[in-house]
Participant: 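Would you mind keeping the following structure in view while I ask a few things?
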Amino acid sequence: MKTRDLITYRVGPESQPELWRFIRDTADRLGVAAPDVVELYPVPDVELARGRLLLGLPYVLGLDADGLADVIAHELTYQQTRQGWVVSRLPAQTFCPESVASALLRAAHIAVSFERFVLQYTGPLATAGYYPVDLWDGWRWTLRQKRGWQTPSASVRPVPLDPSGPAAAPAPADDATRPVPLRPLGITTETGFARLLAEEFMSHPGAGQDHRLRPVTFDEVPHEVWDSGMNRQAVAIRTAAAWLMRQSRVTASEVLDLVADGRAAEILHDAGVESPDLDPAARTLGPLVHEALRRRMYRFEHPLRQHVYVGPAWDRIDVAELLESVEQPNVLARLAYLLT
């Protein structure tokens with residue numbers, strides 16, 4: 001994930017004393033000089049250049065204290081050795097090589113999941129002329145759901161960035177398993193980061209030409225915005241399936257037949273909507289199921305849980321759970337009914 005005009009947030013002993021002290025303590029444990037300048041930026045990455053440490057906000061929010069220390073230590077050590085893989089060169093008495101390697105893998109997972117979050121939720125908004133002012137609250141909320149810290153429901157709102165705020169979920173007793181405390185960044189910084197990420201989609205093919213993005217919260221997004229993005233994907237998938245079948249057009253049920261025959265990856269490739277971390281069958285059928293459920297007046301249970309739908313009779317369908325077992329005959333039969 002890259003940005004054209006990167007904006008940053010300066011970390012200092014006054015603005016972020018806990019994070020500032022944490023980074024300096026990490027450098028002391030390594031026996032190297034602490035960076036003179038520390039700045040947060042909205043890209044899931046970490047980079048040290050000429051005494052300036054750029055630290056991705058997704059890492060600060062997503063990694064626990066031990067994991068963040070390991071990732072920072074790896075970057076600081078790289079600057080000393082100029083070698084890409086420096087785990088074995090970290091001081092064993094303070095940094096376990098296995099722990100550092102595990103933290104780097106977790107950081108990679110956070111980077112992928114954050115970019116998926118931005119693609120799924122910020123992309124459609126940017127195309128419609130919006131940017132989400134509560135992007136970071138939403139990202140943190142989804143992290144909590146994945147970790148099982150609280151039970152999701154339609155009434156749950158994203159928690160504030162301040163982990164000491166009244167809406168923050170209870171944390172484990174061990175400080176090392178919690179994120180490093182982060183004080184509020186300020187509305188200007190948070191919205192600036194969100195707008196910057198949204199503007200990345202404006203240069204993509206098919207995006208709108210009006211660069212004056214309007215602010216919106218996830219709760220305020222009209223359903224038509226999400227529908228438009230899903231419908232574009234559904235059209236691309238049906239078009240690719242029609243080409244494979246040498247037909248002018250195909251139905252959703254015919255696409256399901258192709259998926260059952262193991263041709264989902266071909267459809268995605270031709271449609272240009274591949275995703276390496278999603279199952280091809282689920283990625284192919286998801287937009288088609290969305291269309292079918294919306295025709296039946298189903299809506300998302302929560303703006304940030306778009307795989308769960310609630311119908312007019314308050315029945316609930318978890319599409320992700322359904323598509324996990326798409327090869328099962330009973331699931332195929334249910335999908336065939338939904339897509340008819």
Side-chain angles (χ1 to χ4, degrees), residues 1-2 11 16 18-35 38-49 53-120 136 139-150 159 161 163 168-182 275-279 320 324:
M1 179 180 293
K2 302 295 182 182
V11 172
Q16 297 289 340
E18 294 87 356
L19 182 58
W20 174 259
R21 185 169 57 251
F22 177 84
I23 293 172
R24 299 188 77 80
D25 288 346
T26 301
D28 288 343
R29 291 165 60 195
L30 280 171
V32 302
V38 178
E39 294 176 317
L40 296 178
Y41 67 151
V43 178
D45 198 4
V46 58
E47 179 182 348
L48 179 66
L53 179 67
L54 285 174
L55 185 57
L57 183 55
Y59 287 170
V60 179
L61 296 179
L63 289 169
D64 59 27
D66 279 348
L68 184 61
D70 287 337
V71 169
I72 292 173
H74 184 269
E75 180 63 22
L76 294 178
T77 306
Y78 166 73
Q79 295 303 316
Q80 298 292 319
T81 65
R82 297 294 177 178
Q83 294 183 15
W85 186 250
V86 297
V87 172
S88 62
R89 295 176 177 266
L90 293 169
Q93 66 272 23
T94 54
F95 291 93
C96 170
E98 292 79 7
S99 174
V100 175
S102 177
L104 293 175
L105 288 175
R106 292 200 304 274
H109 174 74
I110 286 171
V112 171
S113 62
F114 178 74
E115 292 182 6
R116 271 191 58 193
F117 179 89
V118 172
L119 181 64
Q120 180 176 357
W136 298 103
W139 161 243
R140 193 168 198 172
W141 184 85
T142 59
L143 288 181
R144 291 176 182 270
Q145 305 312 303
K146 292 176 182 178
R147 292 169 179 166
W149 286 359
Q150 61 190 62
V159 298
L161 276 177
D174 185 359
D175 286 347
T177 63
R178 292 184 294 177
V180 176
L182 188 69
S275 179
D277 59 328
L278 292 178
D279 178 72
E324 280 180 359

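Just so you know, these numbers use all the heavy atoms, side chains as well, and skip hydrogens, waters and symmetry mates.
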Participant: Side chains of Pro58 and Trp136: closer than 4.5 Å at any heavy-atom pair?
Facilitator: yes
Participant: What is the distance from atom CD1 of Ile72 to atom CZ of Arg29, rounded to the nearest 0.5 Å?
Facilitator: 10.5 Å
Participant: Compare all side-chain heavy atoms of Leu55 with those of Leu68 and state whether any distance is below 4.5 angstrom.
Facilitator: yes
Participant: Is there a donor-acceptor contact under 3.5 Å from the side chain of Thr26 to the main chain of Phe22?
Facilitator: yes
Participant: Heavy-atom distance under 4.5 Å between the side chains of Arg106 and Ser102, does that happen here?
Facilitator: yes
Participant: What pairs with Glu324 under salt bridge (Lys or Arg N to Asp or Glu O under 4.0 Å), at least two apart in sequence or on another chain?
Facilitator: none
Participant: Quick one: list whatever passes side chain to side chain donor-acceptor pair (under 3.5 Å) with Gln120, sequence neighbours left out.
Facilitator: none
Participant: Would a 4.5 Å heavy-atom cut-off, applied to side chains only, mark Val11 and Leu40 as touching?
Facilitator: yes
Participant: Spell out, as yes or no, whether a donor-acceptor pair under 3.5 Å connects the side chain of Glu75 to the backbone of Leu48.
Facilitator: yes
Participant: Hey, does Val46 have a side-chain heavy atom less than 4.5 Å from the side chain of Leu53?
Facilitator: yes
Participant: Which heavy atom of Ala111 sits nearest a heavy atom of Tyr59, and at what distance?
Facilitator: CB-OH, 4.2 Å
Participant: Any side-chain heavy atom of Val38 within less than 4.5 Å of one from Leu19?
Facilitator: no
Participant: So, taking the atom named CD1 in Ile110 and the one named CG in Leu63, what distance separates them when rounded to the nearest 0.5 Å?
Facilitator: 3.5 Å
Participant: Can you confirm whether Trp139 sits close enough to Ser113 that some side-chain heavy atom of one is under 4.5 Å from a side-chain heavy atom of the other?
Facilitator: yes
Participant: Show the nearest heavy-atom pair for residues Ala103 and Val71, with the distance to one decimal.
Facilitator: O-CG2, 3.9 Å
Participant: Sequence neighbours left out, what passes side-chain contact (heavy atoms from CB on, under 4.5 Å) with Asp28? Give chain and number order.
Facilitator: Asp25
Participant: How close do Pro35 and Arg24 get, counting heavy atoms only, and between which atoms?
Facilitator: O-NH1, 3.9 Å
Participant: For a quick test of reading the model, state the closest non-hydrogen atom pair linking Ala27 to Ala34 and the distance between them.
Facilitator: CB-CA, 3.7 Å
Participant: Who pairs with Ala108 by side-chain contact (heavy atoms from CB on, under 4.5 Å), at least two apart in sequence or on another chain?
Facilitator: none
